[in-house]
Each structure stands twice: as structure tokens, then as C-alpha cells.
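The block underneath contains the structure these notes are about, expressed in C-alpha cells.
Chain naming here is simple, since letters A, B, ... match the order of the sequence lines and numbering starts at 1 in each.
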Amino acid sequence: MSWTLIALLLLPLAGSLVVAFLRGNDRTAKLVALAFALAELVIAVLAWVAYDPAGDRLQLTSSVEWIPAFGIHLSFGVDGIALVMIALIAFLVPVVIGGSWADKLPEGRSAGGFFALLLAMETGMVGVFAATDVFVFYVFFEAVLVPMYFLIGRFGGPNRQYAAMKFFLYSLLGGLVMLASVIGVYVAARDKLGSGTFDWATLVTVTKDLPLSTQIWLFLGFFIAFAIKAPLVPLHTWLPDAGAEAPVGAGVLLVGILDKIGTFGFLRYCLPLFPLASQELAPLVLVLAVAGVLYGSLLAVGQTDMKRFVAYTSIAHFGFIALGIFAFSSQAGAGAVLYMVNHGISTGMLFLVVGMVMARGGSRLIQDYGGMAKLTPVLGGLFFVAGLSSLALPGTNSFVSEFLVLIGSFPNQPVFTVLAAIGMVLAALYILWLYQRVFQGPVRGTALVDAVGGPGAALDPERASVPDLNKRELAVLAPLVALILVLGFYPQPVLDVITPSVGATLSEVGVTDPVAQEGK
Amino acid sequence: MTDLLAQAQRLTAPEIDYLAVAPILVVLGAACLSVLVEAFLPKAQRWSTQVVLTLLTLAAAGASLIAYANDALPQGKVTLAGTVAVDKPVIFLWATLLVLGFGSVLLIADRSVEPGGAFVAEASVLPGTKQDRAQANRFGMQTEVFPLTLFALGGMMVFVAANDLLTMFIALEVLSLPLYLMCGLARRRRLLSQEAAVKYFLLGAFASAFFLYGVALLYGYAGSVKLADIAAATSGTDRSDTLLYAGFGLLVVGLLFKASVGPFHAWTPDVYQGSPTPVTAFMAACTKVAAFGGILRVLFVAFERSSWEWNGVLWAVAIASMVIGAVLGLTQTDVKRMIAYSSVAHAGFLLVGSISLSQEGLSGTMFYLMAYGFTTIAAFGVVSLVRNADGEATHLSQWAGLAKRSPVTAAVFTFLLLALAGIPLTSGFIGKFVVFAAALESGMAPLVVVALVASAVAAFFYLRVIVLMYFSEPAADGPTVSVPGAMTTIAITMGAAITLVLGVWPSFALDWAGAGGFIF
């Protein structure tokens, strides 16, 4: 019985309740929220230290009986994949709180409500990754929608009602389809074992022997839910709306963490529970993955709205992750998991710097900006770093993961890998072109020209009323830049945690991996 | 004369287990007493006397039920010459009915929300006349509603326990006739209320006729109206199947009508909208429990062996009900009509559980009934609070921005809507889960998929209300939320608390619902 995960679950929930009662006093609410988020980060570090990569499949486990009539237990535990995701959550939430510190909230909304919802989301997200009982996983999977729904709907952009509703309905529909499969798995276990259970480790031993046709039906239930979450083309249409309308902080968590529930679900549920169906349907998934890479990249090139742009780049990145997972090699699998972490860091940072640009210009449209680097050189530089990380330049974190995915996938799936590699070229195009339009050249665009007081004034940075990054913003971005560089040059500590779990997952699928023994 | 006496002495009175039927006797006895109170007490004392009498009656009936439940044989017993069975499901349903009735009576008795109560002082005054306008400003209230409630509740209790079809028919009438009257007693919008009463009465009378005709045909088929005898007859082959099919069909139409299962739901929206809201709460919660209690007993006891003959029809009815409820609910603009269509969809889910004909189906359906009943009572309690100068403001556009004016009311209603939508950590989710699990185990996978899709569609209209309350700006001349009196507060709190408890810690209720099956 380990209390670490339980503490990780309860601490943000307690923080959320405390902050919710501090609605009158915005400053105290923010400080308390930040304190809780930092305490959570400390516990997450302790969990990382306590985790033994060479140890059991699931560690830091705890279990309490919940609904005995259905064999449901409140069970928690982590493998390497879940652990790095929980660490990423604990890292991103304080960053997001810092980044949202000075957000202009819609009229009549209090900062206390906003930060309480963020902390409530943190509990839900940790629960999704820490649950080892499929029923409990499902409960968290659905419960995490509610705070996000209110974050978008109450604090989002002008079209927030539509975006919040679309987000919720898409996820709920996926969740309900998954519920059918969750019950189906339970019934299968009951038929075989005599008493029903939702324990993941037990279910894995039961469902892998099911006939292929049953596995395919059950697989599809889980897969549709996760493909909506991830999101894979053609189930992606909610993300650009939700990402664009969400407040920046919530958007970081949306694409950085919430969407990873989908790819995490592939690894934790689809592959080990339904190995036959996974292999049978892998070509289909790979088609969707590569389609996502190309489609997301092309649409990112054509975007006029910076937040929608970030959402479409994410769709492309999720294609890479899905490719790595369904290529069934340990290198590609480890690369995909590392990609999940790196995408959280680099896209999270990209979202934050876009938010900082918008906070200065007051517009989401790319055409309203131009030559901004002359006014805000530091912001321009950091925007560039985020962009380079997102396009996977060697030396940044994303390069390692994208490279691992591509060389790991190539032996098994050469065609899909080559097609996906086109996405790398497109990534350079869309990132650099965006940077060029917003930051390079003479100062132009209505958002900036108005802010500096007419076209002539723009040439003198001294008199500009567009301020560069302040200390708070620098402090928010600094840890992200540090991680981008550290993981770019020395990803080994993270890979050490990930690789054994990915290997175990693949052996559950029954894939023999020629490159598995070489070690990375 | 002596002849007659001799004959009378040969009659043996049936043995009556007074402890088992004590709850019915208490409720019906108190209902008669309540009529006498109405006749002989001066007007000023009636209201307080009736409230105390009614609440004490329900408490006493609950106490006698507890005494019986502790004392009874493990399976319960059949008494009153085999016409009434008090077994484990009946104990569960009676307890549910009594507690739901308690909550409804609290709503009915409240006089602080609407000054003088939600009921008209003189129901016989024509709507729109001078006298009618005059009485709208007086504070008197028709206290006949209390004996009517008790009679209806007594009828419901007999209905779920009836072990032969004739008893069931009489119970059906005893529960229906008071309800027809109660619908027409609204203080405001008298014409709508009277129209609802007439509509309910006419359609209800047809449904009763169908039921009675079905009983007659089944008597012709089996030579008995006892459920056990019909069950025995269906296992033989030498009888007319035509009588069985026609009798079963007509009988079931009568039952489905009362349970507002689509396509026999046409009365539901009009009656829910027109009735005084406390009566709507009573009808929606208690009538649903009683009707499905009857359906469960009839299907499980009398027609289990012939299930292959009617299964397809009830599959179609369940699908129709779920689709009608979910799709037509989308177009509603009145909150009471919306909940009415939601109840039609829920009736479809309940029917899915009922026709699974397994012990899990029985316990799951009963749990769902309990969960749904409490959520509904609390929801209508909240509806009765949102008012403007003309009474309740039930049009959805009037609910815009409610969260700003009264955050607590909006939060409670949001929670109840999430429960109706079946989001985890509410009773609605556990209810859906147990019902769908039972259905899947009985091999009804297609029905479960339809049910899940219908749940997702229905979620849209619950969410729409949340969007209105939280994300929209309040209308300038919007309604105010009345400060609820103690009684309404207790009823809403009870409903919301039980919705939460059954969602977080459902074990005790699940165990209780699964304690045993029907006896006959």
C-alpha cells in the first residue's frame, strides 16, 4: 500500500476546494493554487525517485474495495509510461498557473474559480494515468471532462459556448462507446473466472484469449474513445475549436495532457487487452496516423489563427505518436512515449508564447502581426526556441523522440514511415513561415501598429508601448527551455523509465522485436 | 336465514399476515383519516394537521416496513390468499416509494416558495373568470391534495406487490384516479393544468381499459388471473397462443403507458408541464417506480417462460422509447417538458434492464429506479424555485445566466443534470452501468449500443441547460430564484445528497437491491 499516488490525487483536490472558497481575493487564490501545484510537483519527484525501472510492471500500488458487487476496487499504480505522464502533469500545472497569472478573465469571473478548476483537472488527469482498475479509469476519464468543460465555457474566447459543447459531446460519445467495451470486458472476465473483476492486470490475462471477432468489437469501443481524445483524423474536428477558444492555460493542459489520454489508452488498454485485434487492425490505425501527420501539417500551413495553428500542429504530432505505438517495435514505442512527454513540453511552450503574443496584440490572427521581434526581441527568441523544438531540430527534445519513432517504425512499416517523414519537412515550413510572418520584417499589422501609435513610431523600440517579457513570463518559460535542451541532449533518464514498460507492453501483444536487445 | 349463516360459516377467511401488509394498511388507513380531517376540521387548522398526519403516516409505514424486513422469512411471504406478495424486491420498492413520497409531500406542503402553496384554493372555479383572478391573490390552498397523495401512494404500494392481475388492476385505478385530480390543481396557469388533467384522464382511462381487456384475455388463456398460474400455463402447449399474445400485448400497453415508455408517452410532456410542479415531481418519481415495479413482476413471474415470444416486440419498444426521448428532448424549450422527454428516454433504459430477465437485470433496474427517482424529485424541486411575477419561469431562455444570480441553485441543478446524463460519480452513472451490464450479459449488445448512443444524444440537452446557466449573460428581466422554505430545502437536499451517495458509494444499495428475487 503506497500512499504516494493517493497523495498525488488528493492534494490538488484539496487545493481546488480551498481555492474555490477564496473567490473574493484573487491574489491569495493564485498564491495558494501555486503552492499546492508546487507541493504536487515535489511529491511527483518523490514518486519518480521511488520508482524502480527494473522492478514490477506496476509499482506504487494501492487498492481499496469500492463496489464489491461488481468486483470494483479503487486501485492505483504506475508503470514507466504512466509515471512520466504524471511527472509531466505535475510539471506543467505550476507552469500553467504562472502563465495564467495575469490573464484577463471574462467579465464577472474570478481567478479563484479558474484556478480551482485547474487544480480539479489535475486530480482528474493524475487519476486517469494512475488508475489500474478499468472502471476507475473510466470514471476519471469522464470526470475530467467536467472541469475542462467549465474552463472552456466560462473562461474561453468569443465562441466558447460552441467549443465547450463540442468538446464535451465528442468526448462523452467516445466515453459511452468505451463504456460498452468496458462492460464487455467485465462480462468476458465473469464468464471465464466465475466472478467479475475490473482489475487491469487480471483482465489482460483473460481478454487476450478471446476470439478475434470479439476482440475486434471490444477493441473498437476503446479505440474510438481514444482516437477522439488523441485525436486521430477524422475524429479531430473538436480540437481546433476547443484549442482556439480555451484560455491559454487550459489549452496547454488540453493538448499537453488531456489528449495524451488517448495515446496512453492505446498503450495501456488497446494493445495489452486485445493483442490479436491490435495486430489485425494496426494497418487501419497506421493509415489514420499518417493521414493525421499529413493532414494536420497541411492545415497548419494554411491557418490564419495562431491558436488553431497550434491545434493543427498537435494533430500532426499525434499522428507520429500513433505511428510509433502501432509500429510494434520497442524503439518506436519508447520514442512514442518520449514524444508524448516532449510534445507536452514543446507544444505547451508554443501555446504559452502564442498567448503572450496575444496578450500584447489582443488578436489571434496572424495577419494582425508583423516584425514583432523588433519590439519584443526576447519574446521573439523564445518563440523561435519553442518553434524549433516543435519542428524537431536536432539538439531539442523533440528530435530524439521523432527520430526514435521513425527509425523504430521503418523496419516494420517502411511505407508509412516514409510518408510520415514528409511531415517533418512540412513542420519546418509551417513553423518557420509563422515565425517569419509574426516576428520578422518591418513592424506591421493592425494589432501592433495601433499599439505603438502609428506606423512611424514603430521604428523606435524605445518608445514602443509593446513591452517585452516581464520577469514572471521569463520565469514561466525558463523551466520549459531548460527541459527542451536537457531532454534534447540527455534523454536517457526518461528513456530508462519508459523502455522496460514499453517492452512489457509489446511482449503482452506478443511481438518479437529484433532490436529490443541492443539497448538504446 | 339459517341457510345463509351455515353457508357463511363454511367460508374460511384467508389468512392475513398483518405485519407484512402493515405499510399498506397504515398508508390507506391514514388516507381515510385524512379525508375525515378535510371534512370536519376548520379551514385554518387543516393544512398543519394534514402535513403532520401525512408525514407521520409515511414515517410509521417506514417503521413497520423495517420491522417486517428484520422479522421476515429470508424470501418474504405471500399473503391475503395469494394476492399480495411481500418479497425482497417489494421491500426495496416500498422503501423507495415511501422515501420518495416523503420528499414529494415536503414539496407539496411548501407554502413559502409560492405564497400559499402551489395549489389552487377552489379547483371548481372556472379559469380566467373574475373569481379565478380573485383567488389567485388569496393565500388559501386546497388541502385535499394530501389525502389524494396518500391514496395514490397506497395504490402504488399495492401495485408493485400485487400477485394477481385483478389486484393489480384495482391498485392501478387507486393510484391513477387521485393523480388525475392532482394534475388539475395548479394555482397558476389553470387552463394548462386542467387540460393536462383531462388529457391524462382520457388517455389513462384508455390505458386502463387496455389493461383490463388484456386481463380478460389472459384469464381466457390460463383460466386464472394469478401470475403464477399464467406462468404455469405458458409452459403447456395445448392452449390458444392467440389469447396469450393478445392478452399480453394489451396488458403490457397498459403498463407501458403508466411508465411513460415511448411510443405510449404522448401524455407525458403535456401532463408534466401542466401539473403543479410538486405533483409533477411526485408523478415522475413515484409513478415511475410503481409502474416499473409492476412491469418487472409481470415479466419476471408470469411471462418469463414465454419470453422468446415477446422479446422482439419489447426490444423495439425500448429502442423507440430511447430514441423518441433523446431526439424530441433536443427540441424542447420548456424545462419541464425537457425533463419529461428525458423521463421517456430513461424509461427506455429501464425497459432494457427489465427485459434482460436476470437477477442482475432485476437488481439493476430497481437501483436505477431509486437513483432516477431521487434525482428527479430534487430537479423538480429546483424548477419550482425559479420564478418571475407570473409564477414559475420554465422557459429555457429565462434560465440564462442563472449561475450569476444564484450560484448554489445553479450548481445543484447542474449536478442533477449531470446525474441525468449519467456522468460518473453520480447515481445516474452507476444506474446506467448496472443496467447495461445486465443487458450485455443477457446477450443484448445491440440494445446496449443504441442505449449508449441515445445517452450521448440526450446529454446534449442537459448540457444546453448548463451552458445557459453558466456561460450566457442573464436576461434583463429574468426570473429570480426564491429562497426555498425549510421543506423544499430538505427535499432538494435529500434528493441531491442521495444522488451523490449512490454515485460514490453505491454498494449498500446494490446489495440491498440484489438481496433476492420475486416469490409467487
Pick whichever of A:G153, A:A180, A:G175 has the most heavy-atom pairs under 4.5 Å with chain B.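 With the most close heavy-atom pairs to chain B, the winner is A:G153.
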So which of A:E142, A:M165, A:R160 has the biggest tally of heavy-atom pairs under 4.5 Å with chain B?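 The option with the most such pairs is A:M165.
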Could you tell me which portion of A:V182 (side chain, backbone, both or neither) has an atom closer than 4.5 angstrom to a non-hydrogen atom of chain B?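 Nothing of A:V182, per the 4.5 Å heavy-atom cut-off to chain B.
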CZ/B:F508: more than 12 non-hydrogen atoms of other groups inside 6.0 Å: yes
Heavy atoms from other residues, nucleotides or ligands near CH2 of A:W217 exceed 12 (cutoff 6.0 Å):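 12 or below, so no.
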Is a side-chain donor or acceptor of A:W66 paired with a backbone partner of B:V504 at a separation under 3.5 angstrom?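 Confirmed, A:W66 side chain pairs with B:V504 backbone.
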Quick one: are [X] and [Y] in side-chain contact, heavy atoms under 4.5 Å?
| X | Y | answer |
| --- | --- | --- |
| B:T414 | A:F150 | yes |
| B:R464 | A:Q161 | no |
| A:F141 | B:P424 | no |
| A:L172 | B:L463 | no |
| B:L452 | A:V177 | no |

Between [X] and [Y], ring centroids under 6.0 Å:
| X | Y | value |
| --- | --- | --- |
| A:F135 | B:F429 | yes |
| A:F198 | B:F433 | yes |
| B:F471 | A:Y149 | yes |

Yes or no on side chain to side chain contact (heavy atoms under 4.5 Å, CB included) for A:I67 and B:W505, after CA distance, side-chain angles and deciding distance? CA-CA 7 Å; A:I67 308 177; B:W505 190 56; over 6 Å; no
Between [X] and chain A, which part of the residue has a heavy atom less than 4.5 Å away: side chain, backbone, both or neither?
| X | value |
| --- | --- |
| B:V434 | both |
| B:I423 | side chain |
| B:S363 | neither |

Quick one: which of B:V448, B:I466, B:V453 has the most heavy-atom pairs under 4.5 Å with chain A, could you say? B:I466
Nearest heavy atoms of A:A69 and B:D511, plus distance in Å: CB-OD1, 4.0 Å
Contact summary for B:A456 and A:L176, nearest pair of heavy atoms: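 Shortest heavy-atom contact: N-CD1, 3.4 Å.
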Can you measure from CG (A:D191) to CD (B:E441) and round to the nearest 0.5 angstrom? 7.0 Å
